[in-house]
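Below you'll find the structure, written out as structure tokens, and then a few comments.
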Amino acid sequence: MKQFDIVIAGGAMAGMTLALAISKRSAHSLSIAVVEPYQVDYNAHPGFDSRSIALSLGTISILKQFDLWEQMSEFATAIKHIHVSDRGHVGATEIDRQEVGADALGYVVELNDVGHYYNNKVSQHKQIQILCPAQVKHIERLQSEVHITLNDGQLLAGKLLVAADGSMSTCCELLGVEQDLHDFKQVAVTANIKVAQAHQGRAFERFTSSGPIALLPMREQRMSLVWCLEPDQAEKTMSLGDAKFKESLQSAFGWRLGEFEAVGNRSCYPLQQSYRQQNTSHRFAIVGNAAQALHPIAGQGFNLGIRDIATLTESILTEIDDPGAYSVLSQYKHRRDQDRSMTASLTSSLVHIFSNDYPTLRVARNLGLMAVDNVSMLKAPLLIRTLGLVAR
Ligand SMILES: Cc1cc2nc3c(=O)[nH]c(=O)nc-3n(C[C@H](O)[C@H](O)[C@H](O)COP(=O)(O)OP(=O)(O)OC[C@H]3O[C@@H](n4cnc5c(N)ncnc54)[C@H](O)[C@@H]3O)c2cc1C
């Protein structure tokens, strides 16, 4: 049996960030295993795929504490301005970096680039061992440790097991941790798009009758598209040829960025909100999408997940000799409850307000967008969560 202080199931954004964070903050004194079924080099990795995500300022500040931002910034694109609008209606709101007195409102990274960077970084840490390809198959908890059996027969022992294995977490299932699920009956279609006009660091979110469209600025003048559609519309959209797809996107989004010139490979993600009330149990903690997975409408998924990671790391440091001790886990649980539930409910309310085309809701949301734009007191709370400047 291989002995570790901490075993992390899942080596994507949450699992790898956590391993590197604990390693850095504990001055490399804890031994860590990361169990992951997929290698980054193959495009099949579900967590380090061709998606791009927006990192908030709060996330950047956490990444800096873990010494992860300097190198990541080399392949990140700054968001300098955000434009939110409702197709065919007057309401629109704009947020500029000058309003918050920062160089950027956030940054966009391609997950596949992050995967390669993390892999390279982890290989320089002797006390982090990546067990890949492998997956957790069986868990047995004793008083002072947890035993984990992998699908290839390896046996691991740790003082703490962390589930970072995504929304369909096998670890949570094996330990019977319940999950609340809400199906939004929407699918996110993603692709990288080449646009005629320089994006100049502008990000766009446009609410249309078929669902929200987000375009984030990327390197090489590309933009990352997330287009949320009802499942049958998504299926049709996925089956269109590139020319028809561009035409359909152009008609839904408009001409603010000029012509959409080229479209890369398309992928789709069915959208559900999953939430686990319990994010700990004996010798077990849950982080990232395994704890809560959100609709991408407000780009809050990893920006919330990294706050789990930062808090769990801080809690572990309070009792470094036993990272799975009851006091560590109870501190982690209590410090995360409010932020997790508030961010999840704010995100699902946004989905419902902006995905419906009832006249009253349409008027309300247009008034809402105008009010947010004009009244700084209203804009502030929204801005704080968008920027990820949330107390933990
Ligand atoms: C279209 C889209 C756009 C998004 N945009 C944003 C954004 O702009 N900003 C933002 O913050 N977030 C965004 N998100 C959310 C963000 O991508 C996720 O929150 C984040 O990537 C989740 O990372 P994770 O590591 O928690 O989970 P996952 O990426 O699901 O990784 C789980 C890992 O666990 C592994 N695994 C599974 N089973 C086992 C097992 N039995 N044993 C071991 N390992 C296992 C899997 O192979 C996988 O690598 C977006 C999501 C989508 C779908």
Side-chain angles (χ1 to χ4, degrees), residues 7-19 33-40 42 44-56 58-60 62 79 82 106-112 114-115 118 130-139 148-152 156 161-174 184 186-191 203 205 212-216 218 224-228 234 266-274 286-309 343 347 385-386 388:
V7 176
I8 301 172
M13 284 304 280
M16 294 290 265
T17 309
L18 180 67
V34 179
V35 182
E36 168 59 46
Y38 294 93
Q39 262 146 10
V40 175
Y42 302 123
H45 197 300
F48 291 135
D49 57 13
S50 59
R51 239 174 321 156
S52 292
I53 64 167
L55 304 177
S56 68
T59 296
I60 307 298
I62 294 173
I79 301 173
I82 302 175
Y107 289 84
V108 180
V109 287
E110 292 178 56
L111 291 184
N112 195 257
V114 180
Y118 274 179
I130 305 286
L131 304 172
C132 178
Q135 50 190 292
V136 171
K137 273 284 168 204
H138 183 75
I139 303 166
I148 299 122
T149 312
L150 306 187
N151 61 328
D152 59 6
L156 317 178
L161 170 65
V162 182
D165 52 351
S167 58
M168 293 298 137
S169 169
T170 308
C171 293
C172 292
E173 208 169 289
L174 290 171
F184 291 110
Q186 284 186 358
V187 172
V189 173
T190 64
E205 179 131 44
I213 298 175
L215 280 163
L216 298 174
M218 294 169 76
S224 159
L225 168 75
V226 179
W227 190 359
C228 302
R266 283 169 249 162
S267 307
C268 56
Y269 303 82
L271 300 176
Q272 282 192 331
Q273 175 160 300
S274 75
I286 312 170
V287 297
N289 270 30
Q292 65 278 313
L294 309 181
H295 190 291
I297 195 166
Q300 294 286 317
F302 180 67
N303 290 314
L304 175 63
I306 200 171
R307 303 203 285 268
D308 292 343
I309 290 161
T343 309
T347 304
R385 219 150 262 278
T386 307

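In listed order, ligands and their atoms are each counted from 1.
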For Gly166, the ligand 1 atoms whose distance to one of its heavy atoms is below 4.0 Å: 27 (O), 30 (O), 32 (C)
Before signing off on this row, confirm whether Ile53 and ligand 1 have an N or O atom pair separated by under 3.5 Å. no
Minimum heavy-atom separation for Ser274 and Asn289, please, with both atom names. OG-O, 4.2 Å
Is the shortest heavy-atom distance from the side chain of Leu131 to the side chain of Leu150 under 4.5 Å? yes
Contact partition for Asp165 relative to ligand 1, non-hydrogen atoms under 4.0 Å: both
With the side chain counted from C-beta on, respond yes when Phe48 and Tyr118 share a heavy-atom pair under 4.5 Å apart, and no when they do not. yes
For ligand 1, is there an N or O atom under 3.5 Å from any N or O atom of Ser52? no
How does Arg51 reach ligand 1, by side chain, by backbone, by both or by neither, if only non-hydrogen atoms under 4.0 Å count? side chain
Which atom pair, heavy atoms only, marks the closest approach of Ala14 to Val287? CB-CG2, 4.3 Å
Those atoms of ligand 1 less than 4.0 Å from some heavy atom in Ala12: 25 (O), 29 (O), 31 (O), 33 (C), 49 (O)
At under 4.0 Å between heavy atoms, is it the side chain or the backbone of Tyr38 that contacts ligand 1, or both, or neither? side chain
Which residue holds the protein heavy atom closest to atom 42 (N) of ligand 1, what is that atom called, and what is the gap in Å? Val136 N, 3.1 Å
Atom 12 (N) of ligand 1 has as its nearest protein heavy atom Phe302 N, 3.1 Å
Does Glu205 have any salt bridge (Lys or Arg N to Asp or Glu O under 4.0 Å) partners at least two apart in sequence or in another chain, and if so, which? none
Considering non-hydrogen atoms only, spot the tightest contact between Ala163 and Ala290 and give its length. O-CB, 3.7 Å
Any idea which part of Ala164 is under 4.0 Å from ligand 1, heavy-atom wise: side chain, backbone, both or neither? backbone
For ligand 1, which atoms have a heavy atom of Gly301 less than 4.0 angstrom away? 10 (C), 11 (O), 12 (N), 15 (C), 19 (O)
Tell me, do Leu304 and Leu294 make a side-chain contact under 4.5 Å, heavy atoms counted? yes
Can you tell if the side chain of Gln273 reaches within under 4.5 Å of the side chain of Phe184, non-hydrogen atoms only? yes
Short version for Thr190: what comes under 4.0 Å of ligand 1, heavy atoms counted, is side chain
Got Arg51 and Ser267 here, is their nearest side-chain heavy-atom distance under 4.5 Å? no
Interfacing atoms of ligand 1 (cut-off 4.0 Å, heavy-atom, Gly47): 29 (O)
Is any side-chain heavy atom of Ser224 less than 4.5 Å from a side-chain heavy atom of Leu215? no
Report yes if Leu216 has an N/O atom closer than 3.5 Å to an N/O atom of ligand 1; otherwise report no. no
For ligand 1, which atoms, with element, lie under 4.0 Å from some heavy atom of Pro296? 2 (C), 3 (C), 4 (C)
So which bit of Ala14 gets within less than 4.0 Å of ligand 1, heavy atoms only: side chain, backbone, both or neither? both
Among all protein heavy atoms in this structure, tell me which lies nearest to atom 47 (O) of ligand 1, with the distance rounded to 0.1 Å. Glu36 OE2, 2.8 Å
Filtering Leu294, Asn289, Asp49 for the heavy atom nearest atom 20 (C) of ligand 1 leaves Asn289
Any nitrogen or oxygen of Pro37, main chain or side chain, under 3.5 Å from a nitrogen or oxygen of ligand 1? no
Counting each atom of ligand 1 from 1 as listed, which ones have a heavy atom of Gly288 under 4.0 Å away? 26 (O)
Quick one: closest heavy-atom pair of Leu161 and Cys171, and the distance? CD2-SG, 4.3 Å
Decide whether the shortest distance between a heavy atom of Gly305 and an atom of ligand 1 is less than 4.0 Å. no
Which heavy-atom pair separates Cys228 from Gln186 by the least distance, and what is that distance? CB-OE1, 3.6 Å
Counting distance only, does the side-chain N/O of Asp165 pair as donor-acceptor with the main-chain N or O of Gly10 below 3.5 Å? no
Ranked by distance from atom 43 (C) of ligand 1, the top protein heavy atom is Val35 O, 3.3 Å
Side chains of Gln292 and Asp308, heavy atoms from C-beta outward: is any pair under 4.5 Å? yes
Tyr107 side chain near Ile60 side chain, heavy-atom distance below 4.5 Å: yes
Close approach of His45 to ligand 1, heavy atoms, under 4.0 angstrom: yes
Nearest neighbour in protein (non-hydrogen) for atom 41 (N) of ligand 1: Thr170 OG1, 3.2 Å
Nearest neighbour in protein (non-hydrogen) for atom 23 (O) of ligand 1: Met13 CB, 3.8 Å
Counting non-hydrogen protein atoms only, what is the nearest one to atom 8 (O) of ligand 1? Give residue, atom name and distance. Ala54 N, 2.9 Å
